[in-house]
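Note that this is a predicted model, so its numbers are computed, not measured. Residue numbers start from 1 in every chain, and the chains themselves are labelled A, B, ... in the order their sequence lines are given, proteins ahead of strands.
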2 protein chains.
Amino acid sequence: MAHRSGVSKSTVSRVINAEPGVRAEVAERVRGVIDQLGYVPNSAARQLVTRRNNAIAVVASQPQNRLFIDPFFDSHLRGIRKELVHHGAQPVLLFLEEPEEYPRVGDFLGGGHVDGALLFSLRADDPLPGMIERLGLPTVFGGRPLVREGERVRERVYVDADNRGGAREAVRHLVALGRRHIATITGPYDQEASAVDRLDGYRDVLLDDATPDLIERADYTRKGGADAMAALLDRRPDLDAVFVASDLMASGALQVLRERGRRVPEDVAVVGFDDLAPIAETTDPPLTTVHQDIEGMGRLMARLLFSRTGEPGEGRAAAVAEHPLSSVVTPTRLVLRASA
Amino acid sequence: MAHRSGVSKSTVSRVINAEPGVRAEVAERVRGVIDQLGYVPNSAARQLVTRRNNAIAVVASQPQNRLFIDPFFDSHLRGIRKELVHHGAQPVLLFLEEPEEYPRVGDFLGGGHVDGALLFSLRADDPLPGMIERLGLPTVFGGRPLVREGERVRERVYVDADNRGGAREAVRHLVALGRRHIATITGPYDQEASAVDRLDGYRDVLLDDATPDLIERADYTRKGGADAMAALLDRRPDLDAVFVASDLMASGALQVLRERGRRVPEDVAVVGFDDLAPIAETTDPPLTTVHQDIEGMGRLMARLLFSRTGEPGEGRAAAVAEHPLSSVVTPTRLVLRASA
DNA sequence: TTGAAAGCGCTAACAA
DNA sequence: TTGTTAGCGCTTTCAA
């Protein structure tokens, strides 16, 4: 104990937490002793009483490598980190690949190491939201969580883009271009809400023209997009446009189109979704796509979380916002490049 | 408190920690109450007394996006996670981008949330190792940490590949092929030991033939490799081979070679380093490169760490291994493909 | 086989 | 402005 500086624990505690009511001279002396001893407060003890620790978990339940390949995640995480760090909170990343890992992650989350959690890339039947709800840990979701029919859950706060509206705009653009046979490559709509919403947007515009043979489901990967494009081309050689539900899939689709000798946009117009600069700007031709502010959504998630947990360092964790918080849907817009 | 199950705290504690000396019937009843209440032990309190918490920090002080693009990191992290999870420890990722983040990361690390740390991607002058040493947190480094001259540090345990030996083998292969003017594109040898070692291996073989105009420093990125290749070609149009210190840089170099009309391997033979499947197997032509067991190195790091901290759940954290631990250097081997 | 009591290192009331 | 006291929720002797 640094009380060898000649004062009581309380005073040391006050100095460490920069509380008022300590003579400057005493504070100075205490700080000296702290430095000299290399003293670091034991935060388990501190947390036991304050119920706070200025760390926020960022949990992704997805194969790590899918995450690492996906520029979407990179931007999203950047936004989250910026905002968290800006508020003085430490982001702690947890990946969740195997079912066996759930109990341990649950223990960590419930163990009071973090004040809140940011979750994303959840599968439809992921047990994590339920676990966290039971723990009572403040949480914000990235992307609207899919809730199974009949499942009773507390309201879940999320941040998402206007996927349906963005998809509508993309498809309307294709229609305005005079395209007659507009296909779509979707995301895994059995697993992710964004895939459902983008497909709904496509249907909103095309109505009865959206026949099943124009719709091919893929998995948000590049290869999945390529395979889906090939299948579509085999089935409907007459198609003259495709709305692809992600840029990564679109880059795969463009490659197949090129291999099959179809010119883009002359023969087939292509619109993507995401507007990920490293992809959309470098494809051949550059991709017309639906822009969403991914980094901004990440920041928003962090801000929403703080409005539930209270700012780091401010009072007890129990200080949850009184005004009920709602989810946020951010706007999208179509960015015209060369592919459509 | 779950003591409404009619027993004392002690007994509940025993049940939770699966300690012997509890009547099966009582244990059963307690477990029932626990489930029913959804009780999760507060690990801050537990940790305060046990000094353990079965979580290990994985710390990377690198711009997040460099990490996310680098398949090396992906494999490395996969190995680490596998081993950690296998031992029942929770991996906790911390990124470190801005200098302002160091104090907070230090607090988290020193705060007793984790039993040990795995560090990598450290810059030469990174303050992190020093900070952690002062905290007394058991640590293992990924890649030999560069120590500045005159700096006094405790011995640092690391896991690294035989970079120098691998480089030697690569360059010898080029020599055996009859190449006369063998250039090299290096990593940032002012920052990373692996870059230093690979350059040393190159020099070991070439001796006086390794003139400065054949050596070009880059930064382990694809673009850096491309730029370096261009500079080399401008300076030494007569070069007929290049040893490139990473696959990512090699892929950039190959592209420049192609653009400049040099055939590989006929005009210029190329050998890389890393043997990252997603790169080396898909370049045109496929890359001859030095293989290292990246995932295995990750696992090894975790194992070494456990030999310092003791296995998760086993006694107190203080139970550090008595036998002094040493660093490990894993072997490399040349994988022949088409580029050399 | 169980329970009672002490105490891990801190902060938060309350006294001085 | 400072010190004293009482816990935070757990594990761990020790005694029953």
Measure from the side chain of B:Arg46, starting at C-beta and using heavy atoms only, and say which of C:dG3, D:dC10, D:dT2 lies closest.
-> D:dC10
Extract all donor-acceptor atom pairs below 3.5 Å that involve side chains of residues 295-304 of chain A and protein atoms in other chains or at least two apart in sequence.
{"residue": "A:Glu295", "atom": "OE2", "partner": "A:Lys82", "partner atom": "NZ", "Å": "2.7"}
{"residue": "A:Arg299", "atom": "NE", "partner": "A:Glu83", "partner atom": "OE1", "Å": "2.9"}
{"residue": "A:Arg299", "atom": "NH2", "partner": "A:Glu83", "partner atom": "OE1", "Å": "3.2"}
{"residue": "A:Arg303", "atom": "NH1", "partner": "A:Glu83", "partner atom": "OE1", "Å": "3.3"}
{"residue": "A:Arg303", "atom": "NH1", "partner": "A:Glu83", "partner atom": "OE2", "Å": "3.1"}

Could you give the angle between the helix axes at the two ends of the helix from C:dT1-D:dA16 to C:dA16-D:dT1, with five pairs per end, rounded to 10 degrees?
-> 40°
Looking only at non-hydrogen atoms, find the nearest pair between A:Leu122 and A:Ser61 and report the distance.
-> CD2-OG, 3.3 Å
Check the distance between D:dC10's P and A:His113's NE2 and give it to me in whole angstrom.
-> 13 Å
Partners of B:Ser194 by side-chain hydrogen bond (donor to acceptor under 3.5 Å, both in side chains), sequence neighbours excluded?
-> B:Tyr220
Closest of D:dT11, C:dA12, C:dT1 to the A:Ser10 side chain is C:dA12
Mind checking what makes side-chain hydrogen bond (donor to acceptor under 3.5 Å, both in side chains) contact with B:Asn42, not counting sequence neighbours?
-> none
Could you tell me whether the phosphate oxygens of D:dC8, OP1 or OP2, come under 4.0 Å of any side-chain nitrogen or oxygen in B:Asn42?
-> no
Partners of B:Glu28 by salt bridge (Lys or Arg N to Asp or Glu O under 4.0 Å), sequence neighbours excluded?
-> B:Arg31
Polar atoms only, N or O, under 3.5 Å: list the protein pairs with nucleotides 6-8 of chain C and their distances.
{"residue": "C:dC8", "atom": "O3'", "partner": "B:Arg51", "partner atom": "NH2", "Å": "2.7"}

Taking only the side-chain nitrogens and oxygens of B:Arg14, find out if one of them lies under 4.0 Å from OP1 or OP2 of C:dT2.
-> no
Sequence neighbours left out, what passes salt bridge (Lys or Arg N to Asp or Glu O under 4.0 Å) with A:Arg144? Give chain and number order.
-> A:Asp197
Using a cut-off of less than 4.0 Å, is there contact between a side-chain N or O of A:Ser13 and OP1 or OP2 of C:dT11?
-> yes
Ring geometry between B:Phe73 and B:Phe120 (parallel below 30°, tilted from 30 to 60°, perpendicular above 60°) | tilted
Which residues pass the salt bridge (Lys or Arg N to Asp or Glu O under 4.0 Å) test with B:Glu100, sequence neighbours left out?
-> none
Could you tell me which residues satisfy ring-ring contact (aromatic ring centres under 6.0 Å, His included) with B:Phe72, sequence neighbours excluded, listed by chain and number?
-> B:His76
Return the value, rounded to whole Å, for the distance between atom CD of A:Glu19 and atom C1' of D:dG3.
-> 14 Å
Closest-nucleotide ordering on DNA chain C, the 5'-leading residue of B:Arg23 and A:Ile16 = B:Arg23
